[in-house]
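Computed from a predicted structure; not experimentally measured.
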Amino acid sequence: MATYTPGGDAANWLETVYPAELDVLCYERAVGYPLARKLPRPGETITIPRFDNLSSVVISETLTPDLTYTSNTETKFTASARTRVTPMQVSMPTLVRMALDPEDEFRTAIEKSIVSGIDSDFFSLAGSLTTNIVGDPLSDLDFPTLAEAHSKLVIGAKEFFEPGGTSKAVCVVAGTQDDALISIDKITNAQIRGDRMNPIVSGWVATAFGVDFYESTNIQVSAGQANNIMFVPRFGGVGFNQDPTIIDQEFQIWARFICWVDYVFGTIRDQYAVQVRSIGT
């Protein structure tokens with residue numbers, strides 16, 4: 001039988017128990033760069049020759065022996081390599097006191113950190129777009145803005161974007177604009193009605209107007225402006241010298257985990273994307 005001593009602390013009778021499972025803070029999933037063009041292993045830099053449109057001419061029925069030839073201007077896409085790393089360490093006494101080995105949780109967390117960083121880099125390209133820009137940095141997203149972006153992408157991407165066909169586009173909006181997106185009547189009505197592609201039980205319309213919609217906190221927000229983006233996958237590319245890789249190290253009484261990646265990213269065709277501005281909060 002326990003004995004209570006006057007002036008003692010009842011909390012000292014209780015055993016401290018920790019659950020075996022760690023509670024890891026959430027990371028943002030990558031939705032942008034996995035959809036982009038996959039570039040080959042780049043080395044230090046990668047250069048892609050770009051062949052621009054050819055022009056046809058109308059000729060008379062009376063042919064002359066010679067045609068007039070023109071040269072096509074070749075431009076290039078060039079991107080430099082970037083290395084990203086997420087290091088962490090935990091004391092070995094902490095590891096041995098835990099009921100379950102937490103190392104898998106640590107490895108998963110730092111890999112998610114790396115992947116989220118790559119996605120943020122890819123979405124930062126939206127801030128540099130110059131050909132197609134729509135929206136108001138002081139307002140929420142609305143249907144006219146998305147419709148205008150859709151129209152510009154149809155014109156810019158041509159054969160690579162076929163609404164209703166197999167060549168789809170992607171629109172990724174900032175997480176803070178999720179409420180604005182699902183408040184748009186044209187989307188809300190489809191969500192309530194449901195269809196074969198978007199049954200009502202899903203609670204989310206993934207595809208509308210030939211565009212797959214996503215939200216992400218990795219979208220670039222600068223000076224209160226969210227640079228949402230609508231694009232076809234050929235708009236930009238990502239290439240890896242080194243896929244996300246985890247290194248385990250033991251240093252004195254510490255266990256260290258290092259995840260690193262070496263990659264390039266960049267805009268290949270500016271006209272294949274639309275910067276959809278909105279308020280970032």
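R84 meets the salt bridge (Lys or Arg N to Asp or Glu O under 4.0 Å) test with D121; sequence neighbours excluded.
The closest donor-acceptor contact from the side chain of E28 to the backbone of V115 lies at 3.5 Å or more, if one exists at all. Between the side chain of S183 and the backbone N or O of D179 there is at least one donor-acceptor pair closer than 3.5 Å. N132 contributes a side-chain N or O that, together with a main-chain N or O of Q271, makes up a donor-acceptor pair within less than 3.5 Å. The backbone N or O of A30 lies less than 3.5 Å from no partner atom in the side chain of N218, so there is not a single donor-acceptor pair. Put simply, the side chain of T86 never gets that close to the backbone of C259: no donor and acceptor are under 3.5 Å apart. Counting only distance, with no hydrogens or angles, the side chain of S120 and the backbone of S116 share a donor-acceptor pair below 3.5 Å. Of the possible polar contacts, one joining the K38 side chain to the A36 backbone as a donor-acceptor pair under 3.5 Å is found. A donor-acceptor distance shorter than 3.5 angstrom exists from the side chain of D270 to the backbone of T131, with no hydrogens or angles considered.
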Chi angles and distances behind the side-chain contact (heavy atoms from CB on, under 4.5 Å) call for R41, N241
CA-CA 5 Å; R41 187 179 184 278; N241 284 316; 3.5 Å; yes

Derivation of the ring pair (Phe, Tyr, Trp, His ring centres under 6.0 Å) call for F161 and F235:
CA-CA 11 Å; F161 178 34; F235 138 73; over 10 Å; no

Stepwise side-chain contact (heavy atoms from CB on, under 4.5 Å) test for T176 and T281
CA-CA 6 Å; T176 53; T281 57; 5.8 Å; no

Does F160 form a ring pair (Phe, Tyr, Trp, His ring centres under 6.0 Å) with Y272? I'd like the steps, not just the answer.
CA-CA 9 Å; F160 296 130; Y272 291 173; 5.7 Å; yes

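Using a 4.5 Å heavy-atom cutoff, the side chains of V232 and S167 are not in contact. Side-chain contact between V173 and V276 is absent, with no heavy atoms from C-beta onward closer than 4.5 Å. Side-chain contact check for L181 versus E215: every heavy-atom pair is 4.5 Å or farther apart. Using a 4.5 Å cut-off on side-chain heavy atoms (C-beta onward), V274 and L129 make no contact.
Judged by distance alone, the side chains of D140 and S278 never bring a donor and an acceptor atom under 3.5 Å apart.
Residue I229 comes nearest to A273 through the heavy atom pair CD1-CB, 4.2 Å, listed as atom of the first residue, atom of the second, then distance. Heavy-atom minimum distance, I184 versus L146: CD1-CD1, 3.6 Å. Contact between V261 and Q242 at its shortest, heavy atoms only, is CG2-O, 3.0 Å.
Both W254 and M92 belong to a common hydrophobic cluster when Ile, Leu, Val, Met, Phe, Trp and Tyr are linked at side-chain heavy-atom distances under 4.5 angstrom.
Ring orientation note: the planes of F240 and Y263 are tilted relative to one another, at an angle of 30° to 60°.
Atom OH of residue Y214 and atom CD1 of residue I219 lie 12.5 Å apart, to the nearest 0.5 angstrom.
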